[in-house]
Amino acid sequence: MDLNLTPAEEAFRQEIRSWFARNLPHEWKMAEIRKLSEDAAAAALRKWQLRLGEAGWLGLSWPKEYGGRGGTLMEQAIYLTEGHYADAPLPLDWVGLRLLGPTLMDVGTPELRARYLNRIVSGQMVWCQGFSEPNAGSDLAALQTRAVLDGDHYVVNGHKIWSTTAQYADWCMLLARTNPDVPKHKGITMFAVDMKSQGVTVRPIKQIGATSEFSEIFFDNVRIPRNNIIGGLDNGWGVAMRALTYERGLYTMINQAKYRTSWEEMVAYARQARRNGRPMIEDPRVRELLAQSYADIELMRLTNLRSLTRYQRGIPPAEESSLMKLHWSLAEQRLYDLGMTLGGPKALAMATSPRALYDGSWNTYYFQSRSVTIYGGTQDIQRNLIAERIYGLPR
Ligand SMILES: Cc1cc2nc3c(=O)[nH]c(=O)nc-3n(C[C@H](O)[C@H](O)[C@H](O)COP(=O)(O)OP(=O)(O)OC[C@H]3O[C@@H](n4cnc5c(N)ncnc54)[C@H](O)[C@@H]3O)c2cc1C
């Protein structure tokens, strides 16, 4: 494992740091975005995404032939970390950039690649992921949304749920059943669906943190051209699993920097805030929880570096992604539970309140942390994967 940046990586870090300093206006920093209504925040993020696209940062680790910069994963990690320290928001289009784009590079037809990749990498599109259904989450292969061939089109009927940013998405990567007469993993196909198609209805779901990060999507006789199939007819299961591996790997890199910042804020807060007449930092229980979170974050940083080093040596870290997902999701919950314990009633003030602690970030992240052990595969599913694939235990 190599713990140090090379001189070239250090120079890259300086370059990206000064780019953020010059190009990220105050009103687009996360602290300000959190104060906006959801619609206003989405509009600002779209503009920010375009700026990142024009500068070439969205495609930092994409190959040059697809409009990327052909950078290394280490550069990608540096970019994400510096973005966090600059308080830069992530682009609105998480799905296109992180899931669909790499998947299309692997399995898309030349026509689909030409149609979408350039627009995704320049920040012109927002995609959503239409996988889960009310009765198909962990058991995704049980999905019931049907796509039936009619001439040159498939006609789609069904109901998707928990689809992040669907209310702002231009396109959806959809999983639908194209063959009901074969074992359930084998009759699924992935499609690219224009969200403006007739028969698509999006209904946002209100969450515990008062936002609507995700939506239900209803498909009522929606016609999809048959050349919008991604990765081949009835191949959707394998294509979707590939996309989910990309998803799990990248969260890890971004989150570690976020946790580090919150942890440092919590230490500073515990030093100056008093409970029962003495600084909270002197409470042995608080010290123990801070130490536990510090160890969690360090473990994550070092495992990230190990994965990156392995990756650069040509060893894909696939089997580690479940281990990391499980670790960081539990670490995140421990950390923001601690934030709530330290802040008490003050930590409940939301970002829009002038009394919010640390621009409302602990509060926002606490509510978000409830969902981390669910999305991208629940903690139980990750445990199953670790048991079976890493330890070779029976199903
Ligand atoms: C913030 C957020 C964003 C999301 N974004 C998207 C999105 O953009 N697109 C999309 O398609 N989906 C999205 N999802 C949905 C997500 O993929 C599902 O919630 C997840 O797969 C779990 O499915 P479920 O909610 O139906 O729960 P279920 O699968 O019904 O699980 C219920 C409980 O049973 C447990 N369980 C289920 N099966 C097993 C098993 N075999 N072994 C042990 N325990 C098991 C689970 O761990 C869980 O505790 C999102 C979810 C969240 C929370």
Side-chain angles (χ1 to χ4, degrees), residues 38 42 90-100 103 125-145 156 158-177 184-185 188-193 195 200 202-219 230 236-237 239-248 250-251 254-255 321-322 325-326 328-330 332-333 336 364-389 393-395:
E38 263 185 312
L90 292 170
L92 191 60
D93 183 32
W94 172 264
V95 174
L97 284 159
R98 306 285 169 239
L99 267 76
L100 182 75
T103 307
M125 300 184 96
V126 175
W127 284 76
C128 65
Q129 181 194 355
F131 289 11
S132 304
E133 296 183 2
N135 293 312
S138 301
D139 186 11
L140 184 60
L143 61 89
Q144 295 297 319
T145 294
V156 175
H159 175 189
K160 294 289 171 179
I161 194 164
W162 318 125
S163 187
T164 305
T165 53
Q167 70 268 46
Y168 303 115
D170 311 304
W171 285 77
C172 175
M173 59 191 288
L174 174 77
L175 287 182
R177 187 162 301 287
K184 60 183 183 178
H185 292 84
I188 297 171
T189 300
M190 187 182 284
F191 294 92
V193 185
M195 293 292 279
V200 175
V202 178
R203 194 162 71 191
I205 301 169
K206 197 61 115 188
Q207 287 171 259
I208 190 172
T211 54
S212 298
E213 186 188 330
F214 42 39
S215 301
E216 291 177 276
I217 315 176
F218 299 90
F219 295 88
I230 300 168
W237 183 254
V239 180
M241 292 307 108
R242 183 186 288 267
L244 289 177
T245 307
Y246 288 122
E247 181 182 34
R248 277 174 207 144
L250 265 149
Y251 277 121
I254 301 170
N255 289 350
S321 69
S322 290
K325 166 77 193 342
L326 181 64
W328 67 250
S329 55
L330 297 175
E332 177 168 326
Q333 292 185 344
Y336 293 106
T364 307
Y365 297 151
Y366 170 76
F367 284 114
Q368 284 175 358
S369 74
R370 302 301 93 189
S371 68
V372 292
T373 42
I374 303 173
Y375 63 71
T378 71
Q379 58 174 314
D380 305 306
I381 295 300
Q382 304 302 342
R383 287 196 172 96
N384 286 347
L385 292 172
I386 292 163
E388 289 163 24
R389 297 196 187 159
L393 297 176
R395 281 174 68 82

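Here the structure is a predicted model, which means the values were calculated and not measured. All ligand and atom numbering here is 1-based and tracks the order in the structure.
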Ignoring hydrogens and geometry, is there a side-chain-to-backbone donor-acceptor pair from [X] to [Y] under 3.5 Å?
| X | Y | answer |
| --- | --- | --- |
| Q129 | L100 | no |
| R395 | E388 | no |
| Q144 | A142 | yes |
| E332 | V372 | no |
| K325 | G377 | yes |
| E38 | S212 | yes |

Of the backbone atoms (N, CA, C, O) and the side-chain heavy atoms from C-beta on, which set of T165 has a member under 4.0 Å from an atom of ligand 1: side chain, backbone, both, or neither?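 It is neither; nothing of T165 touches ligand 1.
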Where does V95 meet ligand 1, judged by heavy-atom distances below 4.0 Å: at the side chain, the backbone, both, or neither?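 Under 4.0 Å from ligand 1, V95 contributes no heavy atoms.
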Quick test: of every protein heavy atom, which one is nearest to [atom], and how far off is it to 0.1 Å?
| atom | value |
| --- | --- |
| atom 53 (C) of ligand 1 | S371 CB, 3.7 Å |
| atom 2 (C) of ligand 1 | F214 CE2, 3.4 Å |
| atom 19 (O) of ligand 1 | I374 CG2, 3.4 Å |
| atom 47 (O) of ligand 1 | D380 OD2, 2.4 Å |
| atom 26 (O) of ligand 1 | G137 CA, 3.3 Å |
| atom 6 (C) of ligand 1 | W162 O, 2.5 Å |
| atom 17 (O) of ligand 1 | S132 OG, 3.4 Å |
| atom 37 (C) of ligand 1 | S138 OG, 3.5 Å |

Take L143 and F131, measure what side chain to side chain contact (heavy atoms under 4.5 Å, CB included) needs, and give me the verdict at the end. CA-CA 8 Å; L143 61 89; F131 289 11; over 6 Å; no
Going by the side chain to side chain contact (heavy atoms under 4.5 Å, CB included) test, name the single residue among T378, D380, I374 that passes it with S138.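 Of the listed residues T378, D380, I374, the side chain to side chain contact (heavy atoms under 4.5 Å, CB included) partner of S138 is T378.
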With a 4.0 Å cut-off on heavy atoms, is C128 in contact with ligand 1?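 C128 does not count as a contact of ligand 1 under the 4.0 Å cut-off.
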Would you mind listing which atoms of ligand 1 come within a distance below 4.0 Å of any non-hydrogen atom of [X]?
| X | value |
| --- | --- |
| S163 | 7 (C), 8 (O), 9 (N) |
| N384 | 40 (C), 41 (N), 42 (N), 43 (C) |
| I381 | 38 (N), 39 (C), 40 (C), 41 (N) |
| Q129 | 7 (C), 8 (O), 9 (N), 10 (C), 11 (O) |
| T378 | 22 (C), 46 (C), 47 (O) |
| E213 | 1 (C) |
| Y375 | 1 (C), 2 (C), 3 (C), 50 (C), 51 (C), 52 (C) |
| F131 | 11 (O) |

Within the protein, is there a heavy atom lying under 4.0 Å from [atom]?
| atom | result |
| --- | --- |
| atom 8 (O) of ligand 1 | yes |
| atom 34 (O) of ligand 1 | no |
| atom 43 (C) of ligand 1 | yes |

Do C128 and V202 pass the side chain to side chain contact (heavy atoms under 4.5 Å, CB included) test, and can you show the C-alpha distance, the side-chain angles, and the key distance before you say yes or no? CA-CA 11 Å; C128 65; V202 178; over 6 Å; no
Please evaluate residues Q167 and S215 with respect to the criterion side chain to side chain donor-acceptor pair (under 3.5 Å), reporting the C-alpha separation (whole Å), side-chain torsions for both, the decisive distance (0.1 Å), and the verdict. CA-CA 7 Å; Q167 70 268 46; S215 301; 3.1 Å; yes
Mind telling me whether H159 and F218 have parallel, tilted or perpendicular rings, with 30° and 60° as the class edges?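 Ring orientation of F218 relative to H159: parallel.
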Salt bridge (Lys or Arg N to Asp or Glu O under 4.0 Å): which pairs involve residues 132-143, sequence neighbours left out?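 Sorted pair list: E133-K160, D139-K184.
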Would you indicate whether the side-chain heavy atoms of L174 and F219 approach each other to under 4.5 Å?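 F219 vs L174: side chains touch.
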Below 3.5 angstrom, do we get any N/O pair linking T164 and ligand 1?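 Yes; at least one N/O pair falls below 3.5 Å.
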Do we see a donor-acceptor contact under 3.5 Å between the side chains of T373 and Q333?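 Checked: T373/Q333 side chains pair up, N/O donor to acceptor below 3.5 Å.
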